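Reviewing the structure listed below.
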Amino acid sequence: MSKLIGGKSVTLHHLAKAQHYRIADPVPTWPALFPVLRLDNILGSAHWESRHHRVGPALGSDHRPISAELFLR
């Protein structure tokens, strides 16, 4: 079974219960206007891999969005 975790609704409780792996290396996403901290991650099961990931533009949140092209292994 493959799992992909994402969104602001994910809490530490969810992460603690899930068997997860970092799919993409963390990139600076906070604060949105001048990102210096790597607070956001792309997590999922070992069945996923990312070949390309990027940080999006500031869209009104205090974090910048991250996106990735994901492939099943």
Side-chain angles (χ1 to χ4, degrees):
M1 175 195 222
S2 297
K3 293 181 183 177
L4 186 64
I5 301 171
K8 282 189 145 188
S9 61
V10 175
T11 65
L12 292 177
H13 174 74
H14 291 109
L15 295 177
K17 290 182 72 174
Q19 184 177 13
H20 59 278
Y21 302 89
R22 183 173 283 132
I23 296 174
D25 292 330
V27 291
T29 57
W30 186 89
L33 295 180
F34 185 71
V36 293
L37 294 179
R38 297 175 173 139
L39 300 180
D40 302 294
N41 293 279
I42 298 174
L43 305 174
S45 67
H47 299 96
W48 294 98
E49 70 175 279
S50 170
R51 296 187 187 150
H52 308 284
H53 63 281
R54 70 177 194 89
V55 176
L59 298 172
S61 173
D62 59 334
H63 293 251
R64 288 191 179 204
I66 51 176
S67 61
E69 188 176 351
L70 303 176
F71 297 90
L72 283 174
R73 293 180 183 204

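The figures here come from the full heavy-atom set of this structure, side chains too, leaving out hydrogens, waters and symmetry mates. Values in this document were obtained by computation on a predicted structure and should not be read as measured data.
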Handout entry: Cluster check I42, L72: I/L/V/M/F/W/Y, side chain < 4.5 angstrom
Key = yes
Exercise for the section: Look at the side-chain heavy atoms of Ile, Leu, Val, Met, Phe, Trp and Tyr, link any pair under 4.5 Å apart, and say whether F34 and L39 land in one connected group. Expected result: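 Linked, F34 and L39 end up in one cluster.
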Practice task
Please check if the side chain of R38 supplies one atom and the backbone of V27 the other of a donor-acceptor pair under 3.5 Å.
Solution key: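 No; judged by distance alone, with no hydrogens or angles, the pair does not exist.
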Practice task
Answer yes or no: is there a donor N or O on one side and an acceptor on the other, between the side chain of R73 and the main chain of H47, under 3.5 Å?
Solution key: no
Test of understanding: with side-chain contact (heavy atoms from CB on, under 4.5 Å), list the residues that count as partners of [X], not counting sequence neighbours.
| X | result |
| --- | --- |
| L59 | P57, P65 |
| P31 | V36 |
| S50 | I23, A24, H53, A68, L70 |

Exercise for the section: Any chance you could measure R54, atom CZ, to E69, atom CD, to the nearest 0.5 Å? Expected result: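 Taking CZ in R54 and CD in E69, the distance rounds to 11.5 Å.
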Practice task
Any salt bridge (charged side-chain N to carboxylate O under 4.0 Å, His left out) involving residues 40-49? Give me the pairs, sequence neighbours left out, ordered by first then second residue.
Solution key: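 Listed by first then second residue: E49-R51.
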